[in-house]
Colleague: 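Here it is, the structure in full.
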Amino acid sequence: MKVRRRIVKGRVGPPKSRHGRRELPLEREIVVALREAYQAAGQPGEDSPVFASGTGTPLTLENVFRRVLQPAREEACLTWAGFHTFRHTVASPLIAEGRNILQVSRWLGHHSGAFTLTRSRHLFNNDLGGPLSVPTASPTEAASGVEGANAGVNMPHSTPQQADNVLEASLPQ
């Protein structure tokens with residue numbers, strides 16, 4: 001799906017930045033449903049809104065809020081939910097499933113991953129996690145006699161002794 005425009009206070013215009021103009025991947029079932037709705041509407045044209053009022057004009061934010069969102073959120077006891085909540089409903093699972101911040105940023109139409117991190121930092125675990133572990137020796141390294149602190153470390157030296165000498169020389173006394 002291509003995001004090519006936005007509607008603010010009933011006026012249709014381009015997205016507020018070049019980053020707002022984007023393509024979003026959609027599940028096949030959603031694409032099929034949108035195509036069926038488009039055909040049922042008599043294929044109104046490329047510039048027609050995807051979701052239109054009964055007269056074919058763009059829906060107004062105030063009308064959709066009053067008629068659809070407000071009753072739904074009251075019924076669900078989620079009076080805090082607003083339209084912006086839907087952006088978090090996209091960002092949260094993307095971050096939780098391990099998508100990188102640049103992917104999430106592009107989905108949301110943000111200008112940078114840094115901006116997305118600032119806006120979404122509450123979605124990340126703030127602790128440091130467990131300790132880092134030292135890699136263990138592979139069977140090849142174990143057979144060659146490289147062990148201990150050098151195990152699993154790529155040293156550009158010809159013998160384990162030379163690798164030990166470099167490691168010892170680089171450690172503070």
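Worth saying up front: this structure is predicted, and the values here are computed from it rather than measured.
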Colleague: Go through the steps for Trp80 and Leu78 under the test side-chain contact (heavy atoms from CB on, under 4.5 Å), then give the verdict.
Modeller: CA-CA 5 Å; Trp80 50 266; Leu78 299 172; 3.6 Å; yes
Colleague: If only atom types and distance count, is the side chain of Thr85 paired as donor or acceptor with the main-chain N or O of Gly82 below 3.5 Å?
Modeller: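 Yes; judged by distance alone, with no hydrogens or angles, the pair exists.
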Colleague: Do Leu94 and Leu102 share a hydrophobic cluster, counting only Ile, Leu, Val, Met, Phe, Trp and Tyr and linking them when any side-chain heavy atoms are less than 4.5 Å apart?
Modeller: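 Result: no, two separate clusters.
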Colleague: Answer yes or no: is there a side-chain heavy-atom contact under 4.5 Å between Phe83 and Val64?
Modeller: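 Phe83 vs Val64: side chains touch.
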Colleague: Could you state whether Val68 and Leu61 fall into the same hydrophobic cluster, counting links through intermediate Ile, Leu, Val, Met, Phe, Trp or Tyr residues with side-chain heavy atoms under 4.5 angstrom apart?
Modeller: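 Yes, Val68 and Leu61 fall within the same hydrophobic cluster.
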Colleague: I'd like a table of donor-acceptor pairs (distance under 3.5 Å, sequence neighbours excluded) in which one partner is a side-chain atom from residues 24-36, with atom names and distances.
Modeller:
none

Colleague: Answer yes or no: does atom CZ of Arg66 have more than 12 heavy-atom neighbours from other residues, nucleotides or ligands under 6.0 Å?
Modeller: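 Yes - once you tally the heavy atoms of other residues, nucleotides and ligands closer than 6.0 Å, there are more than 12.
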Colleague: Using modelled atom types and a 3.5 Å cut-off, is there a donor and acceptor pairing between side-chain atoms of Arg73 and backbone atoms of Ala81?
Modeller: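 Yes, Arg73 side chain to Ala81 backbone: donor-acceptor pair under 3.5 Å.
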Colleague: Please check if the side chain of Gln103 supplies one atom and the backbone of Asn100 the other of a donor-acceptor pair under 3.5 Å.
Modeller: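 Such a contact is found between Gln103 side chain and Asn100 backbone.
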Colleague: Does CD in Glu97 sit with more than 12 non-hydrogen atoms of other residues, nucleotides or ligands closer than 6.0 Å?
Modeller: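 Above 12, so yes.
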Colleague: Would you mind reporting whether Leu69 and Phe86 have side-chain heavy atoms less than 4.5 Å apart?
Modeller: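 They are in side-chain contact.
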Colleague: List in chain and number order the residues that pass side chain to side chain contact (heavy atoms under 4.5 Å, CB included) with Thr116, two or more places apart in sequence or in another chain; answer none if no residue qualifies.
Modeller: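 Checked Thr116 against side chain to side chain contact (heavy atoms under 4.5 Å, CB included); matches are Ile101, Val104, Ser105, Leu108, His110, Ser120.
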